[in-house]
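Step one of this worksheet: look at the structure below.
Basis for what follows: all heavy atoms, side chains included, without hydrogens, waters or symmetry-related copies. Bear in mind that the values here come from a model prediction, so they are computed numbers and not experimental data.
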Amino acid sequence: EAGVVQSPRYKIIEKKQPVAFWCNPISGHNTLYWYRQNLGQGPELLIRYENEEAVDDSQLPKDRFSAERLKGVDSTLKIQPAELGDSAVYLCASSLSVYEQFFGPGTRLTVL
Amino acid sequence: GNSVTQMEGPVTLSEEAFLTINCTYTATGYPSLFWYVQYPGEGLQLLLKATKADDKGSNKGFEATYRKETTSFHLEKGSVQVSDSAVYFCALTSGGGNNRKLIWGLGTSLAVNP
């Protein structure tokens, strides 16, 4: 069974540029999460989807971040414009329940 | 709100040494508790879990017991291997319904030397 797929694995951009991350969850997993992980810290939930619906986006900085999950499968997380403080690893996870989340390898974003 | 506190790393051990990584929590209600592991270059993966008091989660030689009286969920392994070198995260469930989520510790880095 294929795991959670994320792309790109690495992204380097200049500040004020836009950037997008893509995630393909495990087949059949209705719940999809986007996390941000700063160096030396645990993951911080940005948004959680149940199928197409964003059920928890309370931690998503909506002035510059947006996300979508069309058709309840793949998801895209976008930052526009990026700031220096957005440098982090962006993790996508999927699950059948909150008790076990399956993570992708993450996208390491560097904003210069 | 719910929170998790892990011992700070890095932890450096020799192969076959005994490992303990401390995790304590603050929570309302009866959360489920987890240990996730992140190997170099890989995504986080669930190592073990416990869903109620006195439950013991175990996997790959690792164990952790849900201690409600001490609000702890310490990770232990009797004999570590080089391949156990990774970052270990303690987490717990918080909230319910649309607000349910995992609350994460900061992670503890483990390096095992041959």
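- With hydrophobic clusters built from ILVMFWY side chains whose heavy atoms lie under 4.5 angstrom apart, Tyr90(A) shares a cluster with Tyr49(A).
- No more than 12 heavy atoms of other residues, nucleotides or ligands lie within 6.0 Å of CD in Glu8(B), so this atom counts as exposed by the packing criterion.
- Comparing Val4(B), Leu46(B), Leu44(B) by how many heavy-atom pairs each has under 4.5 Å with chain A, the most go to Leu44(B).
- Atom OH of Tyr39(B) has more than 12 neighbouring heavy atoms from other residues, nucleotides or ligands inside a 6.0 Å radius.
- The side-chain heavy atoms of Pro43(A) and Tyr36(B), taken from C-beta on, include no pair separated by under 4.5 Å.
- For Gln37(A), the part lying under 4.5 angstrom from a heavy atom of chain B is the side chain only.
- Contact annotation for Arg9(A): only side-chain heavy atoms (C-beta onward) come within less than 4.5 Å of a heavy atom of chain B.
- Under the 3.5 Å distance criterion, the side-chain polar atoms of Tyr33(A) are left unmatched by any main-chain donor or acceptor of Lys101(B).
- Phe65(A) and Tyr35(A) are assigned to two separate hydrophobic clusters, defined by single-linkage of ILVMFWY side chains at heavy-atom distances under 4.5 Å.
- In the displayed structure, Lys56(B) atom NZ is contacted under 6.0 Å by at most 12 heavy atoms of other residues, nucleotides or ligands.
- With a 4.5 Å cut-off on side-chain heavy atoms, Trp104(B) and Glu44(A) do not count as touching.
- The contact between Gln38(B) and chain A is made entirely by side chain atoms (from C-beta outward), counting heavy-atom distances below 4.5 Å.
- For Glu42(B), the CD atom sits in a packed shell: over 12 heavy atoms of surrounding residues, nucleotides or ligands are nearer than 6.0 Å.
- Of the inter-residue distances, the one linking Gln45(B) atom CD with Gln101(A) atom CD reads 14.0 Å to the nearest 0.5 angstrom.
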